[in-house]
Amino acid sequence: MSFIGDKDLEYMQLALEQARRAPALGEVPIAAVLVLDGQVLAQVHNFREIWQDPTAHAEVVAIREAATKLGSWRLTGTTMYVTVEPCSMCAGAIIQSRITRLVFGTKDPKAGACGSVFNLPDERRLNHRVQVVGGVLERESQELMQAFFRGLRDGVSERAG
């Protein structure tokens, strides 16, 4: 397990701020911040609904933005902060882009691929390893997700009644 420092908390707060913007746009409140040497390369939330793109998860969008900004698909030396444990697609993109470190908030017991359902970053047969730290501002990330889905359920039950 990697050290969790003040900067980790600061960047995770940025991710939470992004995630809080997503529900107003009809998006699940998941966000990612990608950092290199103290410089924020990308800070985004999900865009799946807005773009009608199944690959527009926050992690993938952040990777695309950072790669464009750096002019390279190799994001070695970067740290990604994401509010929810990445799924298998996102974990694969994190590995393929050579991100060095991943810090996430809450686990995803249904689709998490960084320790919950799968553990792709720790897969020894792959050519790149990602240091993973989970549970950073976990409660805040979890509460944001729960409030979003509670709101959806309440909205559905109100319309059904």
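Remember, predicted model here, so these are calculated numbers, not experimental data.
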(request) Using the rule that two of Ile, Leu, Val, Met, Phe, Trp, Tyr join whenever any of their side-chain heavy atoms come within less than 4.5 Å, decide whether Val84 and Leu102 are in one cluster. (result) yes

(request) Check whether Leu9 and Val40 end up in the same hydrophobic cluster, where Ile, Leu, Val, Met, Phe, Trp and Tyr are linked by side-chain heavy atoms less than 4.5 Å apart. (result) yes

(message) For a 4.5 angstrom cut-off between non-hydrogen side-chain atoms, does Trp73 reach Arg98?
(response) yes

(message) Could you see if Val28 belongs to whatever hydrophobic cluster contains Ile50? Use Ile, Leu, Val, Met, Phe, Trp, Tyr and a side-chain cutoff under 4.5 Å.
(response) no

(message) Applying a strict under-4.5 Å side-chain criterion to I, L, V, M, F, W and Y, I'd like to know whether Ile63 and Leu70 cluster together.
(response) yes

(request) Check the surroundings of atom CZ in Phe148: do more than 12 heavy atoms from other residues, nucleotides or ligands lie under 6.0 Å from it? (result) yes

(message) Just so I know, are the side chains of Asp154 and Arg150 near enough to count as touching, which here means a heavy-atom distance under 4.5 Å?
(response) yes

(message) If the test is side chain to side chain contact (heavy atoms under 4.5 Å, CB included), which one of Thr78, Val44, Val61 qualifies with Leu34?
(response) Thr78

(message) Is any side-chain heavy atom of His128 closer than 4.5 Å to one of Gln96?
(response) no

(request) Decide yes or no for Tyr81 and Arg101: does some side-chain heavy atom of the first lie under 4.5 Å from some side-chain heavy atom of the second? (result) yes

(message) Between Ile95 and Met89, is there shared hydrophobic-cluster membership here, with clusters defined by ILVMFWY side-chain heavy atoms closer than 4.5 Å?
(response) no

(request) Look at Glu17 together with Arg20 and state whether they make a salt bridge at an N to O cut-off of under 4.0 Å. (result) no

(message) Under the side chain to side chain contact (heavy atoms under 4.5 Å, CB included) test against Leu41, which residue among Val33, Thr68, Leu36 passes?
(response) Leu36

